[in-house]
Amino acid sequence: MEIKDGKSMVRSMKLSTYGEIRAACNGLILLENSRICGPIVINPVTREYTVLRRGTIAHPHESYGLAFNDRTGKYKVVHLFRDSLQYFGCEIIEVGSPTWRAVDGPSFGLLSQLGKAPVVSIGAMHWLPHVENSEYMVSMSIDDEKFRKIQLPKTSRQYDGLVDMAGILSFVTHVSYNQLEVWTLKDLDGSKWILKHSITVGMLTTVGMLTFCMVPLCFSSRNKLVLKRDINKTLFTYDFEQKEMREIETSQGASPYVGSYVPHFNSIVSWTDGRVQRLEDVWR
């Protein structure tokens, strides 16, 4: 789904035969279909791809992440999964490497849900551990591959979420049904959450304010937060400069997809050299 000037256009990348989209990073997309082969990393612009070795099969209790390690110049695929004993295991493979490596997963009881891709920001991958009432997030450093618990500034609600905003980790939380707060964190020590924005949402009617919850999806390069309405899945953008919430117009015959969303921009990046050159912003 490409969002531009308040309008959206849906088009197919013709990748569904290779598997489901699990994660994206710097223009690369991670596809996974354990019944066919191992995960696939592909650049949909250049059509360059590589097939990774098949890892542990644990569907549906699993989460995949894709991230770039600035220190080594390599891309990593992280596979977090729940085993038959309800413990969370973790394995990592560098794109281009022949084998997965087992690493210590999060401590028992630290996580209760999986399924979504982690949010990658400030040099780590981040998960909210529960559907709601999370007092902390679980983070794994991309460099040292260690899991840690980081306290959130507020206990999360059902529709709250984490978003990477131009390299800064942000926690978007509902203060009430028509009020959002955006808290930011610049490093992994977890002690410096800063309240950056307060957002009013809702629709003014003749009988008052019609309120609804908004699910944060991603942050665009145009300083806008993309959100999804909880009731009918309508998409909105919030412009931080104009302090304005606007509904995104959908093309005729195309309704917003109700599943998960992965932020993506087109580029000619290759995992062999780590370069990134954006062609256009596309939010998927």
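The analysis underlying the following values was restricted to heavy atoms, covering all of them including side chains, and did not include hydrogens, waters or symmetry mates. Please read these numbers as outputs of a predicted model, since none were measured by experiment. In this chain, numbering begins with 1 at the start of the sequence shown.
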For the residue pair [X] and [Y], confirm or rule out a side-chain donor-acceptor distance under 3.5 Å.
X	Y	value
Thr56	Glu91	yes
Gln179	Ser198	yes
His130	Gln113	no

Quick check: are there more than 12 heavy atoms from other residues, nucleotides or ligands sitting under 6.0 Å from CD of Glu135?
-> no
Is the CZ atom of Arg53 crowded by more than 12 outside heavy atoms at less than 6.0 Å?
-> no
Roughly how far apart are [X] [atom1] and [Y] [atom2], rounded to 0.5 Å?
X	Y	atom1	atom2	answer
Lys186	Ser170	NZ	OG	10.5 Å
Glu249	Lys7	CD	NZ	5.0 Å
Phe88	Trp127	CZ	CH2	10.5 Å
Ser139	Leu169	OG	CG	7.0 Å
Met245	Ile199	CE	CD1	5.5 Å
Cys218	Leu225	SG	CG	7.5 Å

Can [X] and [Y] be counted as an ion pair, charged N to O under 4.0 angstrom?
X	Y	value
Arg101	Glu145	yes
Lys76	Glu94	no
Arg22	Glu20	yes

Worked verdict on Ile21 versus Leu31 for side chain to side chain contact (heavy atoms under 4.5 Å, CB included) | CA-CA 5 Å; Ile21 295 176; Leu31 302 168; 3.6 Å; yes
State plainly whether one hydrophobic cluster holds both [X] and [Y], where clusters connect Ile, Leu, Val, Met, Phe, Trp and Tyr through side-chain heavy atoms under 4.5 angstrom apart.
X	Y	value
Val78	Val119	no
Val215	Val131	no
Leu188	Phe171	yes
Val51	Ile29	yes
Ile122	Met140	no

Contact check, side chains of [X] and [Y], non-hydrogen atoms, under 4.5 Å:
X	Y	result
Ser267	Asn43	yes
Thr173	Trp183	yes
Phe68	Ile142	no
Phe236	Met214	yes
Phe147	Ser107	no
Leu217	Leu227	no
Lys228	Thr234	no
Val77	Leu52	yes

Counting only N and O atoms by type, is there a donor-acceptor contact under 3.5 Å from the side chain of [X] to the main-chain atoms of [Y]?
X	Y	result
Tyr136	Leu110	yes
His197	Glu181	no
Asp143	Arg71	no
Thr50	Ile42	no

Specify the closest pair of heavy atoms between [X] and [Y], including all atoms of both residues, with the distance to one decimal.
X	Y	answer
Val138	Pro106	CG1-CB, 4.3 Å
Leu235	Met1	CD1-SD, 3.2 Å
Ser63	Ala117	OG-CA, 4.0 Å
Asp160	Leu128	O-CD1, 4.1 Å
Pro263	Ala24	O-CB, 3.6 Å
Val120	Leu66	CG2-O, 3.9 Å

List the steps, then state whether side chain to side chain contact (heavy atoms under 4.5 Å, CB included) holds for Met137 with Leu185.
-> CA-CA 12 Å; Met137 64 183 180; Leu185 184 69; 3.8 Å; yes
Tell me, with the steps shown, if Val41 and Tyr49 meet side chain to side chain contact (heavy atoms under 4.5 Å, CB included).
-> CA-CA 6 Å; Val41 176; Tyr49 72 94; over 6 Å; no
Under the side chain to side chain contact (heavy atoms under 4.5 Å, CB included) criterion, do Ile3 and Ile248 qualify, and how do the steps go?
-> CA-CA 8 Å; Ile3 299 173; Ile248 298 173; 3.7 Å; yes
Aromatic ring centroids of Tyr238 and Phe240 under 6.0 Å?
-> yes
